[in-house]
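Below is one structure; the comments refer to it alone.
Computed from a predicted structure; not experimentally measured. Just so we're on the same page: letters track the sequence lines, and every chain starts at 1.
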Amino acid sequence: MAVCVAVIAKENYPLYIRSVPSQSELKFHYTVHTSLDVVEEKISTAGKAMAEQRELYLGLLYPTEDYKVYGYVTNSKVKFVIVVDSSNTSLRDNEIRSMFRKLHNSFTDVMCNPFYNPGDPIQSRAFDSMVSAMMVQSS
Amino acid sequence: MSVPDYMQCAEDHQTVLVVVQPVGIVPEDQFFRIYKRISSVNQVNVRDTQRALFIRYRHHYPPENNEWGDFQTHRKVVGLISVTSCSSAKEWPQTAERFHGQKELFGSTLYDSRLLVFGLQGDIAEQQRTDVAFYPSYDNCPDVEKRVEDFVESIFIVLESKRLDRATDKSGDKIPLLCVPFEKKDFVGLDTDSRHYKKRCQGRMRKHVGDLCLQAGMLQDALVHYHMAVELLRSVNDFLWLGAALEGLCSASVIFHYPGGTAGKSGARKPSISAATDTGKRHRPGALTTSGISADTSSEIGRAKNCLSQEDIIEKYKEAISYYGKYKNAGVIELEACVKAVRVLAIQKRAMEASEFLQNAVYINLGQLSEEEKIQRYSVLSELYELIGFHRKSAFFKRVAAMQCVAPTIPDPGWKACYRLLLETLPGYSLSLDPKDFSKGTHRGWAAVQMRLLHELVYASRRMGNPGLSVRHLSFLLQTMLDFLSDQEKKEVTQSLENYTSKCPGGMNIITLPDGLKLPPVPFTKLPIVKSVSLLNLPASLRPHKVKGLPGQGVTSASPFIYSPITLHSRGDDRTKKIDFQWVQGDVCEVQLMVYNPMPFELRVENMGLLMSGVEFESLPAALSLPAESGLYPVTLVGVPRTAGNITVNGYHTSVFGVSSDCLLDSLVGVKSSGCTVEVVPSLPRLQLSTSLPRSARLCGEDLSSSVCLQLFNGETQQLVITLENIGSETLNTLEMSSKTLTTKEKLFGDFLSWDLQDALSRLPLKPGQAVTVPVDIHAKLDFSGQENLLQDLNDDGISVTGLPISSPLRQVLKPRPENKQVNADTSKSEYNHVKTLEAVLNFRYSGGLGQVEGYYREISLGVKVDVEPSVFFTRVSTLPASSTRQCHLLLDVFNPTEHELTLTARNQQLILHSSECQRMAIQVDKFDFESLPMPSHDVLRQSSLYQQEEERQQAHGGQINSTLDLRWNIISFSCQLLSSLCSSGEASVEGVLTQLVLEHMQLAPLQWDVLVNGKACDSDVVADCKVGDAVPLEVKLTNRSKSPVGPFSLTVVPFQDYQNGVQNSELQDVVTFIGSNSFYIDSVSPAGNSTCVGALLFLYTGDFYLSIKFQDDSVGRDLPPASFCLPSVHVRAQEPVEVAA
């Protein structure tokens, strides 16, 4: 289902970005990059309202002709972005949420690695395989 | 309608559209000058009302858009101002004709028109016409604004009349159906009498009246009309017009809520700020006067009721847009409504909703758009995204617009526009073109998209025909994105960079773009990557030294402590630290960089040199080629400081792929350096040293400029001629020479190196190119004593070398060795290699030029290494007393360890020794008066310990003995390999073998006893003659040479006869008689004094007599060595007096 999964640091640079190989990688870079505008906007508006009880899941960031972009922000302002194919209409909001949760758990594992420097690109194999599973599962 | 106006905003609904156009040929700049003046009149307060009229000017307006004028009256061209140049009256009719033609174009909608004629003078210009104004020139038209204002007022009158006309038209029986162009055919044959149709007509008319009210400055009325229109149209499902009515409602509400306008400053319409700010103030009264009632609260309430709230505005906009969306032909209207809504939302700071509107706008299909329109559309989208703070989205669309500029379908691609737009996208991708922003650690960003953008910049700038720019961008790409480039990409990028630089080499200049953007230079600090910078000291022979004791030296430390474990200086910046060595002006100095090549291919770095400051510096650039992904690679950069002072290494410059870069160390990350500032001292002369002997490998442990190595036999002397040439550019003024013998285990006798510098000094000052020679004598004089193992070896032969009483002065004690022993010796020779090594360093200290004034000098040193082969060994030394007390025999057991025949000469004696032969040599020597040797000065005495004093004394004694002996050896047949030197000679020394005992034996007694017989001094070998019967006077004289008084002594003279068979007869009472006492008494003798006592003997018979003088006192030996009491024995031969007489 997911065609692209990205983890973006607090300072808005990518820690991890992976897309299905069939498509142009650059396109997804652009998609995820521009989606950050919406993420930032959502955080800033939500942040004012209630900083503590903010929901991590941001929902659909924006739909494009071919894809739907979903966002998720951890409490430490690390962003997860999942791009799914628009044609995949069977996908429910709950499934997206569970994908993000899985992603978050796996990311937490990465951060727990004492040899990982926060801010460095993620190169964890476990994380990678989890993302692969998430992307295969769909098709 | 096909052409959208992306600049539209909600408040445009209250403006009237006036088109300003040139007629005939009008210079563009002149036209726009006039246009600008005209468009400054964008708001006119109508004279007798308090209402204001807003005017929107366009110099270009498509007539098909005009056809939508009934739908939204602000789209209707109601005024036309034509600008024309007319130089003569002849042209006038033609111009008037054209003006009329232009009027025709918008004819159906125009309320009024004006023609501004420039340049025409004369009769025609004199006539007063309302629709034409004549001006002599473009510069001389002071009342243009006034004219325009009048014109606007006339428009207002028409507008107001139309409004009143329509608003009061309540009959309803014949309301025309207003429709948009594409609707016209739909209504053909429709029943015009149906209630539905009538309602529709009413609704549309209400909406139209609302528009007119809004334009005429009657906001309140407009709102009322719009509300009514919405009601009417909703009931008949006339969606397009319902949308328009809703939008009108929104516009009016926006105008009420946001008197400042929503277009912002970036809007293309130039509403002056002052006009915008007081818009509200002005048209509120306008709204109030509509019903002829003065301001009161009820109307306020009424307006507030009619007016939409901020939330509702967006809701209504959404609704309107959804209605528009039902009509394919209303795409432009929908798009413009979206844009207007976005502007409103931007002011309300509701970015999310705005982005939804924009997202919708993106998908509105306007049919076939021209390329130019596409660019405009994308640019506007980008601008609007920027407006709502979506910088990334904005950048994305700007980039799309840029790409659109150069789409392949465009016959004439606008690369410049593309480049300009691309530059504008940079902030959105958080990319600056300053490499300094990327020097802080690893780059973090959207490398993929950034790289793409940079590639596009490179390509665009190249197509623009600005290779310098593309080189700059490509360099930037290579420098900042190096970590993200794949190997293949690295190759491609460098290849294209080389292609570009072949046309336009890259440099360090700042490129300024026409729009003022400055592109800072991009130094290639990663090609190659420099890991450390270290300044190298000069080679030892060229290092300057400061003359000690000059002021300013040694007091540099700020701390009062000589040593403190607490380092006071900060650990922080090592680069500012000064290095504790100096460079010399005019001499090549070196800086070593550790570099590595991150590229997957060989990197050619050309013209690599140093960037220095502080001192005039001549850099000598180097070219290097680094292998692919090399490890750390040392590179030495050289240069010559031309003046003196403190020099600082700021960085280095390189030229890679045709791009020259200046890399400053400050901006480099992770460069290790132990300081970058060094002092350059004024120039000094340089000496080159060459010797008569071949050079050899360096001696260990010492930092020497050169060294010589030679082989000598122990005791041999060789002369070494050293030539010193001044190869520098300064005159050499002083030259000093010193030597230092390196500590060896060997004991060295005499001066190892001796020289005469007088000749060389007399030739100073030495001008550049001149040379002096210094002869140096090398004496290799080591211990000649035999070693333990050698003694062992000798003992094996069964010959005892100890304590043999030898009467013959020269006697062979060693037989030639047996043959079997010889073989053994050969094999064992290698085991105890007797070759010893002597090392010394000759130092030349010289100075001259300016450096000398500053107190600097240089040192050049020559290492001398001598392998000393043993020549002779004195295996044992002993003494035998000679017949005279003043003399003794020195017995030397001499061993020849060489493979050659050896001759040893001592004074007049000669001894020939075969290889490995040992012989004893006896040399008769006078005893030495060591007391007469000059004593070392008191200073020296005080400094050295007692042991040292003793050592020194012994050495001095040895030296004296040695010089007396003058032992020389001569090797006659030298090794056959060196045919040239057949003979070798040298001196031998016994200094090392002399023991304390031997020395004592050889020392003259401090008490000198002289025995005089018949007034003649009598010593052992001298036979004193006397006659029988004559009294023989005997005189004993004591000279005290010691430092203390001696005595008193009493002596007894005992005569005896030696029968030469071991029997001595002392019973001579009847043969010899004493005249007087036979014992003498000597009083105590003070130092350097003497005492004499005299007696006499009478020999009664002839014969050989000996006189033995003995001490009576036993206590004499208590404080003086026994040698002191060694009195010569006296040999007296008594003869017949007759014979004597005969």
**Item:** Max heavy-atom pair count under 4.5 Å with chain B, selected residue of A/Leu36, A/Asp37, A/Val32
**Value:** A/Asp37
**Message:** Which one wins on heavy-atom pair count under 4.5 Å against chain B: A/Glu11, A/His33, A/Glu25, A/His29?
**Reply:** A/His33
**Message:** I'd like to know whether A/Asn12 forms a side chain to side chain contact (heavy atoms under 4.5 Å, CB included) with A/Glu40, so could you lay out the CA-CA distance, the side-chain angles of the two residues, the decisive distance to 0.1 Å, and finally the verdict.
**Reply:** CA-CA 9 Å; A/Asn12 288 331; A/Glu40 280 197 331; 2.7 Å; yes
**Request:** Could you tell me which portion of A/Leu15 (side chain, backbone, both or neither) has an atom closer than 4.5 angstrom to a non-hydrogen atom of chain B?
**Result:** neither
Side-chain atoms of residues 395-404 of chain B: list all donor-acceptor pairs with protein atoms under 3.5 Å, sequence neighbours left out, distances to 0.1 Å.
residue	atom	partner	partner atom	Å
B/Lys398	NZ	B/Glu424	OE1	3.0
B/Arg399	NE	A/Tyr30	OH	3.1
B/Arg399	NE	B/Glu456	OE1	2.9
B/Arg399	NE	B/Glu456	OE2	3.2
B/Arg399	NH2	B/Glu456	OE2	2.9
B/Gln404	NE2	B/Glu371	OE1	2.9

**Prompt:** For the ring pair A/Tyr70 and A/Phe100, is the centre-to-centre distance below 6.0 Å?
**Reply:** no
**Complete:** Taken in chain and number order and not counting sequence neighbours, the residues that satisfy side chain to side chain donor-acceptor pair (under 3.5 Å) with B/Glu311 are B/Arg350
**Residue B/Tyr363 versus chain A: region with a heavy atom under 4.5 Å** = side chain
